[in-house]
Structure formats: C-alpha cells, structure tokens
Asks: 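This is the structure I want to talk about, given as structure tokens.
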Amino acid sequence: MSEGATSTANGTATKKKPAKRRATAESMAKKQREISVSEFFAKNRHMLGFDNPRKALLTTIKEAVDNSLDACEEAGILPEIWVHIQQMGESRYQAAVQDNGPGILKKQIPLIFGKLLYGSKFHRLRMSRGQQGIGISAAGMYAILTTGKPIKIVSKTGLRKDAHYYELRIDTKVNKPEILNGKGNGLDIPYGERGDKIIQDEGIEWVTHFDPETPDAAPKPIAHGTRVSLELEAKYQRGKGSVDEYLEQTAIANPHVTLHYTDPSGVTKTYRRSSEILPPEATEIKPHPYGVELGRLVSMCKESTESSLSGFLTNSFSRVSPSIAKQICDKAKLSTRMRVKRIDRDHAEHLYAAIQETKISNPTTDCIVPIGEEQLLKGLHSVVPAEFYAAATRPPAVYRGNPFQIEVALAYGGNVETQKITKDLLKELLYETDARTVRQFLILTFNGLGPDAADKILKGSKLGTRKSPNKLKPKEVDTLFEAMQSVNVNEGQSMNVYRYANRVPLQFQHGDCAITKTIAQTNWRSYGLSQSRGNLPSGPVTIMVHIASVWVPFTNQAKEAVASYDEIQKEMRLALQTVGRKLGMFLRRRMKVKQQADRRTIFRRYLGEVAQAVSDINGADKEVVYEQLLEVARKKTAEADMVLDESGKAIDPSEANYGGGVLIVDKDEDELLADLINRPTEAEANGSAAKPADGEQSELFDEEDEED
C-alpha cells in the first residue's frame, strides 16, 4: 500500500486527507498593521492621475500651476507664472513651476510638499482650484518613486527677506516629510550678493526678474514667490491631453494671468494677460443643512461647543435663523434648549428628518466667483481664432446644499488646427506620436478633427490608411502637409470641447464627464449644426463649459471628470441652449445675407442685357433703364448690405439682437472669398436642419415670377 493511503474494514484503500492549516488569532493579529494614506496612494497612483508617463507630466504641471494661481489670487496679486520642462534623459523630465505669489512660511514648506492630505482648502466651503490637499505632494511622491530624486522647493516672502531652499522626500510609511539638505533644516538664502552666490554655487534655479515692460525699461526684481522642481519619469507629447493644451486652456479661463512656458526643445511661449482685474475673492460659508448627511450631523453634534440645540443649528449652518431653528426643533419634537452633548443617534435621526421637511433658503452665492461673460469672450478670443463668439452665465443653483454656477462660451469659424501648424512642427509631432496609423495620428493629435475629416486629408494626400506616422518618407510628409493645408475639412470637423471646473481645465475621461454627456444630449441641429444622435455635433465649433462650486463633484481623486447630478446637468443644458440660440441666429442671418448676395449677383449678370433689350424695343435710354433696374435689385436684396457694429449687432437694433454676450469678428475680403470657395453652405452641410424657414426663399422667387 502506498504512503498516504489507509485501509478500511472491507479492505479498500482510501486517500488520507491532509491536515488543515489553522491560523491562530495571535498569528493573524501579528500580520495586521496600519497603513498611511501616502502608502496607499503610492500603490494606487492611478487614482491620482499618474497611471502613465505622459499623463504624469501633465498632472504634475497642473497641480503646481493650480496651487500658484490659488495662492496669488488669495493674496490679491496678479499672477505671473513660469513653467519650464527640461528633458534629463530618455524617459526623464524635470518639471519646474514658479510664481510671484506671497511665498510660504519656512515651517510650512515641508508639510505642504511632503505630506498628503495637508492643506487649508479641504475644510473650507469656498471656491478654489484645489480641494483635497493631495495634488502637489502626490506629484512629489510619484517623482521620488520613479527617479529617486527629491522635491526641490524655493520660497521667498519678501524682497529683503531670506529665501528658503528645501530638498525633501515623503516617508510613505508614516506620511511625513524627510528633509535631506541642511542637516534636516533646509537652507536659508540671505538677500543680496551673498544669497546670489549661494544660488549659483548650489545650482538652485530661480527666476529673479520680471520681463521689462518696455525695451528701455529696467526689469523689476521678483520680491516674493515659490518655485517647485521635480524630476520624474514622464513622456512629453504635444496634441490632445498635453501640457501645451492645458496651459492654452488655462489662459482662456484665467485672462488675468501671464504664463511663461518653456518646452523641452527650449522654445518659450508667453500667454499675456488680457485683463488687469483680479476675480473677486470668494467668501467662505458654513455648510447648508440640506447638504449634511446623518452621520456627519452626529459628528458635528459631538464636536460642537454650543450649549443649546438652537445655538448649534444657527451657528453651525448657513441660512438657519433662530426662527428656522425653532421650526426644525418643533418638527423633531426636541427642545431648543436641549444640550447638544445629550443628542444621541435617535435624536439626530429625528433632527435630520426635520431638516429635510423644513423649507430653508438656498445658501449665499458669494462663495463662488464665475468668470463672467465679458472675460469669457476675451479669453476665448485671445486663444481661439473664430468669427463668432457667444457666452452665457447661468444664475447660481444648488446641489446637495452646495452652491454652483454654470458658464458656457462658444466660438464658431476659423481655421482648424491642421491648417495652423508648420511643416517642421508636423515632423516633430509625427516623431513624438505613439499612434499606429496616420489616420489615428490625425484624430488623436488635432482637436475637433473627426474620422471623416481625417479620411478626407488621407484621400487628398493619397496615403494609405495603414501607413505608420513614424515611417513616413520626406516626400510623404510633404504630401501630407499639403493636404492638411488645402483640404477643406470644416464639414467633417467635430465640435472641440473645453471642460473646466473652478477655472481648471479637465483633460481626460471625456466620455465619463457630465459636461460631455450633456453637450451630446443637446439638440444642436435646431441651431444650424449637423449632428448624429447621441454624438457631438459637427462643424468648426469650439465650446467651453465651466462649473464653479464650493465642492465640485469629481468622479475620482484625479479630478478629471464631473459627476452626473441632475441639477448640474439641467443648468448646463439651459446654458448650452442659450449660446446655441445665439449661434443659430448668427448662422441663419449669415445664410440669408449670402442668399441675397448671390441673388444680386444673378440680377447684375443679366441687367445689362435687359436694359439693352428695353432700349431696342421702345427707344429708352439704356443707361437710365440700367440704373433703375439696379435700384430695384438693391431694394429686393437689401439684406446683403446689412452692416454690423463691433459687437456683432446690426446698426438697426430691429435687424439683429443677440441679447448680449456676443462678439463677431469682421473678416476681410480675401477670407470671405475663401469661405465662399471652400466652405459649403449650411444647407449643404447640414441638410434640412440648416435650411431657411419654409417660405423664405420661395417667397423671394415668387415675387420675381409675379414681376416677370
């Protein structure tokens, strides 16, 4: 009998079951340990937006720039920000961001940059770019994990005050900063020549002066500010979801900011501020009763220092007066004088139910600061070249007790991005891309370029659909460039969407965002654009949607998409419809003007022959008859002479009234001629959706028939 078998009474052999391993409670307890928040996110970096090298570089720049903007605005300083990306190796980049903000106190620097969930924004109900206190410290943690290089910070609080320089890393086991320089105390850099020598000897990077305002002016020294520098494993690539696109969109939503950007190739681009006015400072508010859940209410009762229930309600919540507090207490069948410390879970449950049944005013809205229609038009016009701009700001609304406000801006017309680039830039983009085919490269690199437009360019260049962008020969690159410049892709162009939350561009997870979903669900065909059901509309359109709130409901910690709350989507839909109506008015009027201009051209073509025939029949003066006929043609096609003022309104208010929030850019004759040659009419592009109202065109020609 083999080993491991036993014999039974009837002589049959059965296999012996192995003994079960039993873990004792003591041995299991030894394996249990507390993990810190930084240790958790170190293993789950994808939750913070560091799931691939390209996205990691963008997230790092985004978090640093957001912090700089918040710091400057809170201190009442017009922001000036320097962004510098430098390639250090094949897959390593150094990202540095400096601002002219108020600077950071010495003792706070290690905690802000070396400790996750440390900050002042999480506890305050007011509009700000950051919310959780994770961003920049998470970027530093990612940099240390991928390269081992420390975070470098320089901060200065005044012109003649010492600057403080730290090199630090995060101890993920305990979520605490570890200072590596100055024997654990950092380095103090004195003001003056001695400090300049220390900066030079230590190789510390610091922009010392602003750009001179005029060529003859002396540059002003930077009195205060902060610079953070990180070396991380990353990938730099232009196009959609790139640092370049993020900074461009940041300039749109923040027209009061000047951005100096130096890319890895050493090219510097400056986005100058178009407004010298800082946004008003948002006011901090208390939580609204409707936005507090039962568990949070229990915690607030335990933490409160108020003696009575009435005092707790009036001093802990917004919009709760003594009379409202009494109504809540009466409905909960609790005394207004009841001691807060005596409130147990049953009392809290009755109190919570009473709050939901009591009518309480919406919270105040001075805690949010919208961009404003005028600034939206300025920002969009400074970055997106177009011929028609419209903007709309909705009144404040509330979701879960949190105030929010929706703004939408739209730009129509202008050249697509494929027609803006140079041949050298195209070669760089082809070299950088990781797209497998040229078609995929076109769609992924250029905003608003849909599959149909990409196919048109490929057909014009006579390149195969399976061609690899990295393997194109010089002649093929030239052919592709010529096709990108010459092929009219307006008809196949899809809407370009810019999404913002508290003035911050959202670059990824477009499909999961409530903004994208609401735009796709809006019926744009009624406003003159072509659209297939459930998709974004087609046309040379850029749309920008901004949500401003004390607490933006992001779908994850990476802050890349807005959650789909019914109240938020309703406000978005109303704002989109507002700018859509203005666009529809513009397109219909432009179509009508074009129709009348075409009609006048036809008249002029035959008026000479008609005048000659009348002269031959009755002997009338040919020139007099021609002038009379020309005057009749002018009257019948008067809309071709419609004149608009600089804001886009007709000189006669009855002719065009967009209701404000509109900017129309005049085109010169060459551009108008190019439009007539290359761009299809709205009726051709959109089918029946963009045709004039029934009876408009037929009436004109019926009148002609009657005259004939």
Asks: Quick one: salt bridge (Lys or Arg N to Asp or Glu O under 4.0 Å) pairs with a partner in residues 319-330, sequence neighbours left out?
Replies: K326-D330

Asks: Mind checking the OH-CG spacing from Y389 to L380? Nearest 0.5 Å is all I need.
Replies: 6.5 Å

Asks: Between L334 and I343, does the side chain to side chain contact (heavy atoms under 4.5 Å, CB included) criterion hold? Intermediate values first, please.
Replies: CA-CA 10 Å; L334 298 174; I343 294 178; 5.6 Å; no

Asks: Is R503 salt-bridged to E73, cutoff N-O under 4.0 Å?
Replies: no

Asks: Name all residues meeting the side-chain hydrogen bond (donor to acceptor under 3.5 Å, both in side chains) criterion together with Q98; count only those two or more places apart in sequence or in a different chain, and write none if there are none.
Replies: R227

Asks: Are the side chain of K341 and the backbone N or O of K302 linked by a donor-acceptor pair below 3.5 Å?
Replies: yes

Asks: Is the count of non-hydrogen atoms from other residues, nucleotides or ligands lying under 6.0 Å from H510 atom NE2 greater than 12?
Replies: yes

Asks: Could you tabulate the donor-acceptor pairs under 3.5 Å formed by side-chain atoms of residues 566-577, not counting sequence neighbours?
Replies:
residue : atom : partner : partner atom : Å
Q569    : NE2  : T518    : OG1          : 3.3
E571    : OE1  : R394    : NE           : 2.9
E571    : OE1  : R394    : NH2          : 3.4

Asks: Hey, does the side chain of Q531 reach the backbone of N523 with a donor-acceptor pair shorter than 3.5 angstrom?
Replies: no

Asks: Are the side chain of K62 and the backbone of L506 linked by a donor-acceptor contact shorter than 3.5 Å?
Replies: no

Asks: Taking salt bridge (charged side-chain N to carboxylate O under 4.0 Å, His left out) as the definition, give me every residue that meets it alongside R296, ordered by chain and number, with sequence neighbours left out.
Replies: E303

Asks: Begin from the C-alpha positions of S323 and S321 and carry the test side chain to side chain donor-acceptor pair (under 3.5 Å) through to its verdict.
Replies: CA-CA 5 Å; S323 62; S321 62; 3.0 Å; yes

Asks: Applying salt bridge (charged side-chain N to carboxylate O under 4.0 Å, His left out), can you list everything that pairs with E407, at least two apart in sequence or on another chain?
Replies: none

Asks: Going by salt bridge (charged side-chain N to carboxylate O under 4.0 Å, His left out), name the residues that satisfy it together with K106, two or more places apart in sequence or in a different chain.
Replies: D188

Asks: Heavy atoms, side chains only, cut-off 4.5 Å: are V83 and Y246 in contact?
Replies: no

Asks: With no hydrogens and no angle check, is any side-chain donor or acceptor of R499 less than 3.5 Å from a backbone partner on I547?
Replies: no

